[in-house]
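To keep things clear, I will list the structure first and then write my remarks on it.
The figures here come from the full heavy-atom set of this structure, side chains too, leaving out hydrogens, waters and symmetry mates. A note on names: the letters A, B, ... follow the listed sequences, proteins ahead of strands, and every chain is numbered from 1.
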Number of protein chains: 2
Amino acid sequence: MRASDRAYARLLDEIQRGVLAPGTVLGEVEQAARLGVSRTPAREAIGRLTAAGLAHQLSPRVTVVSAFSADDVRSLFEVRRALEENSARLAAAKSNPAVFSELAAAFAAAHPENGEVEADAYYELIARFDAALDEAVANPYFTNALRTIRTHLARARRLARDNRARLRASVAEHRLIAEAIAAGDGELAAHATHVHLHNALAAILTSLAAAPAGSEPLTQDPLSEGTP
Amino acid sequence: MRASDRAYARLLDEIQRGVLAPGTVLGEVEQAARLGVSRTPAREAIGRLTAAGLAHQLSPRVTVVSAFSADDVRSLFEVRRALEENSARLAAAKSNPAVFSELAAAFAAAHPENGEVEADAYYELIARFDAALDEAVANPYFTNALRTIRTHLARARRLARDNRARLRASVAEHRLIAEAIAAGDGELAAHATHVHLHNALAAILTSLAAAPAGSEPLTQDPLSEGTP
DNA sequence: CTACCTCTTAGCGTATACACTAACTCGCCA
DNA sequence: TGGCGAGTTAGTGTATACGCTAAGAGGTAG
């Protein structure tokens, strides 16, 4: 694996998990030293993060990890609605029903509310579901747009993770979507996706309101402390 | 302006205009020499093209300009429908009506069928319309997804350009969309966008069928000649 | 004559040196 | 004492050198 890929993967993971808080300056030399690569692959990794929108240039000389606020979550879900409702509709028209029947069964058997291990398995299942959707839609531009959105979504996902009631409901919602796609019912799949996204967004925003900025460095900008 | 930006802008333009045909190998050293920059910015430019999907790696050592077939046009329009119908709906809910009233008037006055100069002016107007949509939706993730799609769309656009009847109809369709947004009628805006995209796609596919691969190097892959 | 192996070469990935620019600090002048 | 200007420094942008890998060509053996 290339050094630039390792650097990118590691920086991406650290941003998604919040280890690198929004506002953190991503200096080439600093990150290169920290990640054990030279400036060239470090530069490429930071450039890819910037292109993906996870970092942005404050000035020609300073790149920082992008902020991620409740507004960003709302914006993200606006795009998710646009893309995922349609991908569900398209998948219902084009997919192999057996694949989504199997997924529906897997959702029926999932119990992410039973602790960390099963929650991890559930997120694996969702990744499998997303991959099946991409394959059914068979549209590289769609897949690409969704990948970008999912990359950002990972920053929000952990916020709702420890909400057991929400996880339980999420399972049922995914199951319905999978069943609708398997049945070839595009309208139901799209509407069920809409409902799912509405509920997921509401849960995340509730979590955010209950644990406002400060308990988690989610919207905090360390730089702004120095520029009053 | 940075050398890597100039290199990227030039390569992007050449790909969009078809000067660099699909399948053309993008070698670092070759492009660096041709564009008058060193390997580092050339490499960054090619990397950005790859990330955007306009080029892709055939093997770890050879990157080529991506193909762009009729299927790609169809896929692109699937995503356009998903994104633009919703952006029109959102813009109708959030926009400043005056902006879109002015745009509707500009569309009413546009006559792209009257030659090259007015056609260029029309594409400028469409760019202005797109920018107004982005500003109204006020969602950076939406804007980003649409930018990617528009970048690819540029490769298809020129195919329908010289179709005067289509240009005339396109003006009327845009005018209706702008008026619907100005009136705050999200449903009409979305449906009018759907109709517009349907007609635009049909026109492009007709052009493609009339001028199949060979008259334009659009789907041709020079490399495949050497690998029977 | 064909197939496989080896050697050569071209091109990429990474590291690093050089240059330029912007920002910060220190000193001077008002 | 405050503001402006010059010098220094840190960090990016670009160029280039080095090493490695993969692909192709040529030779030899079956």
Side-chain angles (χ1 to χ4, degrees), chain A residues 1-15 20-66 221-228, chain B residues 1-15 20-66 221-228:
Chain A
M1 185 188 250
R2 297 183 304 182
S4 60
D5 290 336
R6 278 187 287 116
Y8 176 74
R10 179 132 167 231
L11 287 172
L12 175 61
D13 180 67
E14 289 178 348
I15 291 173
L20 285 174
T24 304
V25 175
L26 295 176
E28 278 181 27
V29 283
E30 179 196 353
Q31 297 304 320
R34 192 172 70 86
L35 301 177
V37 297
S38 86
R39 273 185 59 208
T40 305
R43 177 186 179 75
E44 182 176 325
I46 293 170
R48 284 167 67 181
L49 290 172
T50 304
L54 285 122
H56 66 121
Q57 298 207 169
L58 275 190
S59 74
R61 299 293 279 276
V62 50
T63 299
V64 300
V65 177
S66 296
D221 186 348
L223 278 191
S224 62
E225 298 175 3
T227 58
Chain B
M1 188 188 247
R2 297 183 304 182
S4 60
D5 291 336
R6 276 186 288 115
Y8 175 73
R10 179 131 168 233
L11 287 172
L12 174 62
D13 180 66
E14 290 178 347
I15 291 173
L20 286 174
T24 304
V25 175
L26 295 175
E28 278 181 28
V29 284
E30 179 195 352
Q31 297 304 320
R34 193 173 68 88
L35 301 176
V37 298
S38 86
R39 273 185 60 209
T40 305
R43 176 184 178 76
E44 181 176 326
I46 293 170
R48 284 166 69 181
L49 290 172
T50 303
L54 285 121
H56 67 122
Q57 299 208 170
L58 274 192
S59 76
R61 302 292 280 276
V62 49
T63 300
V64 300
V65 176
S66 297
D221 185 350
L223 278 190
S224 63
E225 296 175 1
T227 59

Just N and O in the side chain of B:T40: are any of them under 4.0 Å from OP1 or OP2 of D:dT14?
no
What is the bend of the helix from C:dC1-D:dG30 to C:dA30-D:dT1 when you compare the axis at one end with the axis at the other, using five pairs each and rounding to 10°?
10°
What I'd like to find out is whether the side chain of B:T40 reaches to under 4.5 Å of the side chain of A:T40, using heavy atoms alone.
no
Partners of A:D5 by side chain to side chain donor-acceptor pair (under 3.5 Å), sequence neighbours excluded?
A:R2, A:R48
Within the 4.5 Å heavy-atom criterion, are A:T63 and A:H56 side-chain neighbours or not?
no
Quick note, A:R39 side chain, CB onward, closest among C:dT14, C:dG13, D:dT14 is D:dT14
What string of B, S and - do you get for nucleotides 19-24 of chain C, 5' to 3', when a contact is any protein heavy atom under 4.0 Å?
--BS--
Are B:L20 and B:L26 packed together at the side-chain level, in the sense that at least one heavy-atom pair is separated by less than 4.5 angstrom?
yes
Whether A:S4 contacts C:dT14 is assessed here as follows: a side-chain N or O lying under 4.0 Å from the phosphate OP1 or OP2. Is that the case?
yes
Using side-chain heavy atoms (C-beta onward) and a distance below 4.5 Å, is B:R10 in contact with B:R34?
yes
Test item: A:S66 side-chain N/O and A:G53 main-chain N/O as donor-acceptor pair under 3.5 Å
yes
Below 4.5 Å, heavy atoms only, C-beta onward: do B:L11 and B:L35 meet side chain to side chain?
yes
